[in-house]
Amino acid sequence: MGGWEIVLRGGRVIDPESGFDAVADVAIAEGRVAQIGTALPAAPTDVDVAGLVVTAGFVDLHSHVNDLAGLRLQALDGVTTALELEAGASPVAAAYRSAAAEGRPVNYGFATSWAQARMNAVAGFAPGGTLAEFLSRLGDPGWQRPAEPAQLAALLSRLAADLADGALGIGVLLGYAPTVDPGEYLRVAGLAAQAGAPTFTHARDLIEMVPHAAIDGAEEIVRAAGQTGAHMHYCHVNSTSQRHIDRVLGLVGRAQAAGARISTEAYPYGSGMTAIGAAFLAPERLGERGLVPSSLTYAPTGERVASETRLRELRQADPGGLAIIELLNEDDVADRRLLMRSLTFPGAVVASDAMPLTWTGPANPQAWPPAAGAITHPRTAGTFSRAVRLLTRGDEPLSLAQALSKCSLQPARLLEERVPAMRRKGRIGAGADADVMVFDPATLSDQATYTDSTRPSAGIRHVLVNGTFVVRDGSIVADARPGRPVRAEPR
Ligand SMILES: [Zn+2]
């Protein structure tokens, strides 16, 4: 044996799938883990990782990041695969093409996008376009109108075409079009069930927030799973449920026990971030979520929104501008416990909802480290380190392997049926993709904050993607773009 390119020598190797947890060497060749053993022969790149943990890189099911600087922040948080599954992209082939042309440090993949397909079918907006264009249209009532039968047919056939093109599932930003006919959502779920594809939903408003809603947002997801048999993934339960997390998770748990295919994710922050023009951030609707204008911080200027008048101005002038929204209070013990329950719920995975950087000065996504004027939500840089830190400490800590599993193995498994390539991700063993992270468990921690949002996490020493270092000795490797597309195998 031998002939390996890299050996990571003498670390504590943790594989959440097999339960392997011992000091060993990890040999890497041709983008895969070749062997795990002790006293392996030397390799041209032989790295001493004694005292560090060696495990599978994190699989992020919810990343909106498409800029190099943002992807590097994710890599420095242990992420080796960043998938855009909630907003999605349509036409999906164009999204894969442009990611391949740019080159990415981490693996990438896309669900198709119900919202983008609907913007085209119902509002006549041109398909594709940039994320900034998409965000600026999100609050436009034009695409949220009821669909005529022919428009619904066009929308569904667009989604079906994307699924046939290898889209990983269907992303449904339902909560951004709160008056859409619940029947349409069931049709989308039915299409997903037929294709064997999961759906990723930003839930509609909860009944506690909007008593006159056509249907409760949580009930709707559960109903779709029950009626269609589709795998319904409930995105960021923490942010859309706010202080109703226990009610929502109780409902999901009962449906799961009855056999419905529902999975959940959460990120460990009390605030969210989205386009300031979003329907649910209209001044007259803030009260539904217990918000006031000053609950919002407008990222491009860093200002706390002073008044309803100012909020109207910003929504008019820059509807796609990102804002941080205080949903739960991280300084409040009860709110912190709620957040933790969204993470510790059985089967819940960690997913970041990472956002692209907003540039308050000149945009320069190639520069590293990011310029001082770059702003994002701290979840972009810190979700996974923070989740592992929080899950392994506190009153009822998980083991390190259990916490890592929520970041790597469990998200990979959620996609495996539709995406067989995911069977080689999220685990570390012979034959697995060499998406590997090496960290110091004593110092692993998020560093990004709401006021210093692009500070990389601490403690992550090396990150390899397909056997190529993208982080080495804690630093970004400048030219590394080893990310590969992750595609479904349509049945
Ligand atoms: Zn969302």
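Indexing begins at 1, ligand by ligand and atom by atom, following the structure's order. Keep in mind that this is a model prediction, so the values were computed, not measured.
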Pairwise distance CE(M422) to CG(L414) - rounded to 0.5 angstrom:
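So the CE of M422 and the CG of L414 are separated by 9.0 Å.
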Excluding sequence neighbours, so at least two apart, what forms ring pair (Phe, Tyr, Trp, His ring centres under 6.0 Å) with [X]?
X    : result
H62  : H64, H236
Y269 : H377
H244 : none

Within less than 2.8 Å of the Zn ion (ligand 1): protein N, O or S atom count:
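Near the Zn ion (ligand 1), the number of protein N, O or S atoms below 2.8 Å is 3.
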Please confirm whether the backbone N or O of L404 pairs with a side-chain atom of S408, one donor and one acceptor, at under 3.5 Å?
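Answer holds: yes.
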Would the F200 and Y234 ring centres measure less than 6.0 Å apart?
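Ring centres of Y234 and F200 not closer than 6.0 Å.
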